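What you see is a predicted model; the values in this text were computed from it and never measured.
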Amino acid sequence: MSAGTSTVTDTSGELAIGIDVGGTNTDAVALSGTGEVVSWTKQPTTRDVTGGIRAALAEVLDQLGDDRGLVTRVMLGTTHATNAIVNRRDLGRVVVIRLGSPAATSLPPLAGWPRELRDVVLAGSILAGGGHLVDGYPIAPLDRDLIRRELDALAGTFDAVAVCGIFSPSFPEQELEVEALVQDHVGVDIPVSLSHEIGALGLLERENATVLNASLYAVARDVTNALTTVVAEERLDATTYFAQNDGTLMAVEYAARYPVLTIGSGPANSIRGAAFLSGADNAIIIDVGGTTSDLGVLVDRFPRESTLPREVGGVRTNFRMPDILSVGLGGGTIVDTATGVPRHDSVGYRLTEEALLFGGTTPTLTDAASLQFGIADRELPPLDRATRQALEHALGVAHERIESAVERMSLGRTGLPLVVVGGGGFLVPDAVLGASEVLRPARGNVANAVGAAIALAGGRSDQLCDFADRAAAIEEAGRSAIEKAIQAGADPRSVEIVDVLETPVSYATRPTLKVSVKAAGPLARIGTVTRQRI
């Protein structure tokens, strides 16, 4: 265990606790209203994840002492959803309703999924008449009777329903009608995921993201219950939030409905935390953990989002994700002593048991850095010449891979600083080609938890429109984005538009734009917002 504390300078203010679950460590910080890191800790991530959260929260509160009563918010970034998909575990059975027949029947739902994942998740699919053309004209009338008959035939075999219609992000009326139909016909206890609330344009990728979301409802219920239980165990009068993958937060109720949005929240937290701790508005961020180094780009203090479809557990999706490059380098990365090259596996959270520096028998990059820089308050055991040379060479290879990754993320732009955070930041050299300077902010080893603690609540909305109607479309998308931000927990008095993106749509019969608007704002104080149904 490692921890730290500092003097509380603003005891009259509220405190926020941010927790981030990584593959090796679970980090937690308590942040004052003035932005000071009051207490912090790094605890080993446990197999059940909840144990690490419990230990991290308890340690931070213990450091706070009598000031624990000032904690009003607890924010969590978690890997539960990602782990469930990757491990094909605890996923629900989903019926997929695609609205687009006869235009969208050539590929069945989940056609590109790994077979073992598809077999776990897919309870059945319904290809029904519906959907829209790019201009909003219906492809076919909504086939309500077919949907009812197919639901009856699948009765008792599914846990959730996913609905996806052609061009529904711009024309969601049919999806909303199907949601009401399902709840009326099957019951309100069966959750329904609607694709226009999950992904962007692009039928198959949006459908995939929606099905993943529907399959994660049980996982979301378990993790939200775990967080609220741990907070209750500590007798905190605090509101709980979850970090989502665009660097903003969402209320527990929102996370329970949209669990897929927690995927990728860890790197987003690191980027936001690095911005806060370093004061940089635009920079390349590298978060070096025990297993991987994740690089992202900070644009006006928010993570740059990926413009390409992203794969999650072998499934191609198009919901928002930060533009992240993961490199298999971390403090626990194993060094192959025969070749002097870092391997693609890591000792992970077992670092303090297996690394040479801690009396183990596995050479790691932490050992290599300790050999060259003396990074720890302990000494390496005596090493033979071959092992020393292998560790020295492996550290050089690691530096080359880091420089290559920085170059890839810069996209040719020079002059950006490189902000180094994460517990394995000692692997990054003090000068990196392609970066104007290397910044190592104080408390950077828990930047991910800081990012969770400072995050705003956010929402996004997409609209398709004729070029002549762009102003009205931006206004409508802005209203929708603000509403979603309020649903996610933002104070309605302070939420504002933070990003507007306009993208021309190819192959349309007339000039057409896709308008994407993002809103964000500080969290509402307890009792100031009446939650809407989400």
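A pairwise comparison of heavy atoms in P342 and V397 identifies CD-CG1, 3.7 Å as the closest pair. Nearest heavy atoms, Y241 versus A251: CD2-CA, 3.8 Å. Here the closest heavy-atom approach between residue A16 and residue A453 is recorded as CB-O, 4.2 Å. Taking every heavy atom of both residues into account, E403 and A431 meet most closely at OE2-O, 4.0 Å. Taking both residues in full, the closest heavy atoms of I497 and A519 are given as CD1-CB, 4.0 Å, listed atom of the first, atom of the second, then distance.
Rounding to the nearest 0.5 Å places CZ of F426 at 8.0 Å from CG of L365. The CG atom of L357 sits 10.5 Å away from the OG1 atom of T352 when rounded to the nearest 0.5 Å. Taking CD from E207 and CD1 from I198, the interatomic distance works out to 13.0 Å, rounded to the nearest 0.5 Å. Note: N208 CG to R316 CZ = 9.5 Å, rounded to the nearest 0.5 Å. Taken from CD1 in I286 to CE in M409, the straight-line distance is 10.5 Å, to the nearest 0.5 Å. Rounded to the nearest 0.5 angstrom, L277 CG and N445 CG are separated by 9.5 Å.
Applying the 6.0 Å contact sphere to NE2 of H399 captures more than 12 heavy atoms from other residues, nucleotides or ligands.
At a cut-off of 3.5 Å, with distance as the only test, no side-chain donor of T239 or R73 sits close to an acceptor on the other residue. Side chains of T41 and E59: no donor on one and acceptor on the other come within 3.5 Å. A donor-acceptor contact closer than 3.5 angstrom is absent between the side chains of S326 and T292. Side-chain atoms of S480 and S461 form a donor-acceptor pair, as typed in the model, at a separation below 3.5 Å. Between the side chains of S265 and N245, no donor N or O sits under 3.5 Å from an acceptor N or O. T210 and N213 are not linked by any side-chain donor-acceptor pair at a separation below 3.5 angstrom, with hydrogens and angles left out of the test. At a cut-off of 3.5 Å, with distance as the only test, a side-chain donor of Y217 or S193 sits close to an acceptor on the other residue. For the residue pair S516 and R460, a side-chain donor N or O sits within less than 3.5 Å of a side-chain acceptor on the partner.
No side-chain donor-acceptor contact under 3.5 Å links S170 to the backbone of F167. Panel note: side chain S404, backbone E400; no donor-acceptor pair is recorded below 3.5 Å. Under a 3.5 Å cut-off, the side chain of D287 and the backbone N or O of D294 do not form any donor-acceptor pair. Formation of a donor-acceptor pair under 3.5 Å by the E496 side chain with backbone atoms of G521 is not found in this model. Judged by distance alone, the side chain of D27 and the main-chain N or O of A449 form no donor-acceptor pair under 3.5 Å. Between the side chain of S436 and the main chain of G415, a donor-acceptor pair closer than 3.5 Å is present. Distance alone, capped at 3.5 Å, places no donor-acceptor pair between the H196 side chain and the C164 backbone. Although no hydrogens or angles enter the test, the distance criterion places no donor-acceptor pair under 3.5 Å between the side chain of N269 and the main chain of G266. At distances below 3.5 Å, not a single donor-acceptor pair connects side-chain atoms of T262 with backbone N or O atoms of A81. Using modelled atom types, one side-chain atom of S215 and one backbone atom of L212 make a donor-acceptor pair closer than 3.5 Å.
With salt bridges taken as basic N to acidic carboxylate O contacts below 4.0 Å, none links R479 and E483. For the pair R304 and D323, the salt-bridge criterion is met [side-chain N within less than 4.0 Å of a carboxylate O]. Ion pairing between a basic and an acidic side chain is recognised when a charged N comes within 4.0 Å of a carboxylate O; R470 and E502 show such pairing.
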Step-by-step side-chain hydrogen bond (donor to acceptor under 3.5 Å, both in side chains) determination, S168 to R206: CA-CA 10 Å; S168 65; R206 173 164 40 92; 2.8 Å; yes
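Partner of K518 under the side chain to side chain contact (heavy atoms under 4.5 Å, CB included) criterion, out of T248, V500, L501: T248 alone. I85 pairs with exactly one of I263, D90, V121 by the side chain to side chain contact (heavy atoms under 4.5 Å, CB included) rule, that one being I263.
A heavy-atom distance below 4.5 Å is not found between the side chains of V327 and I402. Side-chain contact between E407 and L433 is absent, with no heavy atoms from C-beta onward closer than 4.5 Å. Here the side chains of L15 and L64 are in contact, with some heavy-atom distance below 4.5 Å. Counting only heavy atoms from C-beta outward, the side chains of L249 and Q244 never approach each other to under 4.5 Å.
Partners of N225 by side chain to side chain donor-acceptor pair (under 3.5 Å), not counting sequence neighbours: none found.
Applying the salt bridge (Lys or Arg N to Asp or Glu O under 4.0 Å) test to residues at least two apart or on different chains, the pairs with a partner in residues 417-435 are D430-R440.
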